[in-house]
Peer 1: 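Take this structure first; my questions come after.
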Amino acid sequence: MPRAHITLDRRALVAPVRRRTFGSFVEHLGRCVYTGLYEPGHPTANEDGFRMDVVALVRELGSSTVRYPGGNFVSGFRWEDSVGPREQRPVRRDLAWHALESNQVGLDEFARWLKLTGSELMLAVNVATRGILPALDLLEYANHPSGTALSDLRIANGTPEPHDIRMWCLGNEMDGPWQTGFMTADDYGKIAARTAAAMKMADKDLELVVCGSSGSGMPTFGDWERTVLEHTYDHVDYVSCHAYYQELDGDLGSFLASATDMDFFIDTVVATADHVGFKKRSTKKINISFDEWNVWYLKEHMESQQDETEWRHAPRQLEDTYTVADAVVVGNLLMTLLRRSDRVTSASLAQLVNVIAPIRTEPGGPAWRQTTFHPFSITSRLASGEVVRPVIESPVYETARYGEAAVVDAVATVDEDRAAVFLVNRDLAEAAQVTIDVRGLGSSRVAEALTLADPDVYAKNTLDDQNRVVPAANTSAVLADGVLTVTLPPVSWTAIALR
Ligand code: AHR
């Protein structure tokens with residue numbers, strides 16, 4: 001049985017737990033919006049056409065900021081199409097996903113939906129195929145109180161109060177050849193800098209996100225960040241990271257170690273950003289907006305893509321059904337984001353409903369939780385106060401993809417009267433026995449201990465069996481004399497709340 005020992009001490013603090021770490025992402029893609037969160041005529045729909053069963057699940061998920069409206073979609077999007085009287089909104093082709101966009105949900109409706117879910121809006125502007133002026137127009141429409149052409153238009157459209165959107169993304173994945181209007185780092189850096197400078201002339205307190213690489217595997221990774229930040233450093237606040245993982249070639253061991261790659265990605269981007277900052281003799285720090293991360297069966301998606309000729313509205317796309325192993329990886333990735341809260345100050349699970357999402361729906365039917373829903377929602381509920389850097393003594397195993405990886409990984413948070421520990425066991429066959437020295441946290445009892453595991457690591461929740469995989473109480477968790485002991489089943493994710 002693998003044995004690990006962890007020491008936690010409230011003197012080893014990383015940074016505050018940032019609510020924005022628990023962000024997510026809604027793109028006009030597949031059935032994320034249409035028949036996902038919006039379905040007029042559904043038995044649970046409100047007067048706006050929003051499914052209240054989905055709203056309840058989003059609230060339970062505990063997602064904070066929601067990035068919108070894309071994604072690749074944003075690079076062909078005219079925001080003006082999606083405001084005003086619905087019957088006058090044009091239907092357009094979305095080249096990114098080869099689908100029709102009806103524009104029946106736009107900024108104003110989406111902002112109303114966000115209020116129902118208690119979330120913050122993070123808006124992306126199209127810098128790929130549009131220019132500075134449309135971005136400024138959108139900013140005026142969204143945030144200016146009143147008395148200008150576009151703020152008055154918003155009011156006339158039924159939204160008297162400004163949306164007051166703080167976080168804005170300057171395009172999406174501009175390094176990717178799949179992106180409509182993709183650019184070189186130099187071209188993008190210049191356009192992003194000018195767009196950002198103009199937006200900050202309107203409101204100097206905006207928080208702007210410049211596009212980093214769409215993955216650490218991109219051939220331009222590193223150089224892209226350096227070049228883009230050399231142009232934009234003084235004007236932006238965040239650089240984005242995107243990362244998707246999946247089990248490849250039946251190598252579950254490597255897949256379970258995906259978080260080590262995320263760590264490497266964060267290290268590299270932080271080092272590059274700080275290098276540019278140092279060259280500029282700037283005291284400012286650029287933080288990371290990890291605004292797309294998840295498990296995604298991307299390889300299968302690429303292989304199944306045929307030359308689509310038909311233009312359909314809200315087709316079923318990217319509706320991955322997640323396993324227990326996927327949920328363990330998602331839980332571990334979220335632990336990594338938390339552990340890096342010193343520099344990762346915003347993140348978005350991609351995406352929220354139906355499209356590579358923790359929540360699934362059927363048109364006219366139910367909404368349910370995927371396996372990945374659970375670690376996200378439990379972490380969002382339990383993590384509070386400050387992130388604690390754990391000292392982990394764990395056996396290691398060799399992975400084909402990422403080299404050596406620890407069998408047990410962990411992170412903890414501590415608040416005034418509570419603490420929480422999050423753990424994974426990556427061992428494929430054996431339970432891990434873990435002892436955790438919590439004397440430095442001042443905790444005296446276990447309030448709650450939940451584990452997600454299953455003898456079948458590929459078990460899933462489906463329409464026909466929506467609760468096949470749910471977290472169970474871990475009764476092995478005991479705290480005595482300042483030492484917490486717990487047994488972690490093979491391929492499992494665990495959260496322990498302490499008082
Ligand atoms: O989240 C799905 C897609 O993945 C997004 O549209 C794009 O930004 C990324 O490639």
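When a residue number appears, it is its place in the shown sequence, counting from 1.
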Peer 1: I'd like to know if Glu120 and Arg19 make a salt bridge, using a cut-off of under 4.0 Å between side-chain N and carboxylate O.
Peer 2: no

Peer 1: Val483 and Ile436: side-chain contact (heavy atoms from CB on, under 4.5 Å), yes or no, with the steps?
Peer 2: CA-CA 6 Å; Val483 178; Ile436 310 172; over 6 Å; no

Peer 1: May I ask you to decide whether Asp415 forms a salt bridge with Arg10, counting only side-chain N to carboxylate O separations under 4.0 Å?
Peer 2: no

Peer 1: Check whether any side-chain heavy atom of Leu498 lies under 4.5 Å from a side-chain heavy atom of Leu484, and answer yes or no.
Peer 2: yes

Peer 1: For Glu109 and Gly106, indicate whether the former's side chain and the latter's backbone hold a donor-acceptor pair under 3.5 Å.
Peer 2: yes

Peer 1: Fit a plane to each ring of Phe265 and Phe290, take the angle between them on a 0 to 90° scale, and name the class: parallel (under 30°), tilted (30 to 60°) or perpendicular (over 60°).
Peer 2: perpendicular

Peer 1: Would you check, one step at a time, whether the test side-chain contact (heavy atoms from CB on, under 4.5 Å) holds for Thr361 with Arg31?
Peer 2: CA-CA 9 Å; Thr361 70; Arg31 299 193 309 111; 3.5 Å; yes

Peer 1: Any carboxylate oxygen within less than 4.0 angstrom of a Lys/Arg side-chain nitrogen, looking at Asp261 and Arg401?
Peer 2: no

Peer 1: Of all heavy-atom pairs between Gln466 and Ala367, which one has the smallest distance, and what is that distance?
Peer 2: OE1-O, 4.4 Å

Peer 1: Can you tell me if Ser254 uses its side chain to pair, donor with acceptor, with the backbone of Asp251 under 3.5 Å?
Peer 2: no

Peer 1: If I compare all heavy atoms of Pro358 with all of Thr372, which pair ends up nearest, and what's the gap?
Peer 2: CA-OG1, 3.7 Å

Peer 1: Parallel, tilted or perpendicular: which fits the ring planes of Phe376 and Phe22, with parallel below 30° and perpendicular above 60°?
Peer 2: perpendicular

Peer 1: So, does Tyr297 use its side chain to make a donor-acceptor pair with the main chain of Leu318 at under 3.5 Å?
Peer 2: no

Peer 1: Thinking salt bridges, do Lys460 and Asp320 make one under a 4.0 Å N-O criterion?
Peer 2: no

Peer 1: Are any non-hydrogen side-chain atoms of Leu61 and Phe373 less than 4.5 angstrom apart?
Peer 2: yes

Peer 1: Going by heavy atoms in the side chains, are Val105 and Tyr34 under 4.5 Å from each other?
Peer 2: yes

Peer 1: Any chance CZ of Arg439 has more than 12 other-residue heavy atoms, nucleotides or ligands included, within less than 6.0 Å?
Peer 2: no

Peer 1: Within the 4.5 Å heavy-atom criterion, are Leu116 and Met52 side-chain neighbours or not?
Peer 2: yes

Peer 1: Taking all atoms of both residues into account, what is the closest heavy-atom pair of Thr272 and Gly222, and its distance?
Peer 2: CG2-O, 3.7 Å

Peer 1: Please give me the minimum heavy-atom distance between Met335 and Phe422, naming the atom from each residue.
Peer 2: CE-O, 3.6 Å

Peer 1: Could you tell me whether the side chain of Arg389 and the main chain of Ala412 form a donor-acceptor pair under 3.5 Å?
Peer 2: no

Peer 1: Answer yes when Arg369 and Glu60 have at least one side-chain N-carboxylate O distance shorter than 4.0 Å, and no when they do not.
Peer 2: yes

Peer 1: Look at atom CZ of Arg381 and say whether more than 12 heavy atoms of other residues, nucleotides or ligands are closer to it than 6.0 Å.
Peer 2: yes

Peer 1: Can you tell whether the side chains of Arg499 and Glu448 come within less than 4.0 Å, N to carboxylate O?
Peer 2: no

Peer 1: Under 4.0 Å between a side-chain nitrogen and a carboxylate oxygen: does that hold for Arg316 and Glu362?
Peer 2: yes

Peer 1: When you compare the side chain of Phe73 with that of Leu29, does any pair of heavy atoms fall below 4.5 Å?
Peer 2: no

Peer 1: Are the side chains of Glu173 and Trp178 in contact, using a 4.5 Å heavy-atom criterion?
Peer 2: yes

Peer 1: Using every non-hydrogen atom in the two residues, find where Val66 and Ser119 come nearest and quote the distance to one decimal.
Peer 2: CG2-CB, 3.8 Å

Peer 1: Do His5 and Asp437 touch side chain to side chain, with heavy atoms closer than 4.5 Å?
Peer 2: yes

Peer 1: So Phe50 and Tyr38, would you call those rings parallel, tilted or perpendicular, with 30° and 60° as cut-offs?
Peer 2: perpendicular

Peer 1: Is a side-chain N or O of His98 found less than 3.5 angstrom from the main chain of Glu310, in a donor-acceptor match?
Peer 2: yes

Peer 1: Between Ser289 and Met167, what is the shortest heavy-atom contact and its length?
Peer 2: OG-CE, 4.5 Å

Peer 1: Determine, for Arg166 against Glu207, whether the closest basic-nitrogen to carboxylate-oxygen distance falls under 4.0 angstrom.
Peer 2: no

Peer 1: Using a strict cut-off of less than 4.0 Å between a Lys/Arg side-chain nitrogen and an Asp/Glu carboxylate oxygen, indicate whether Asp454 and Arg468 qualify as a salt bridge.
Peer 2: yes

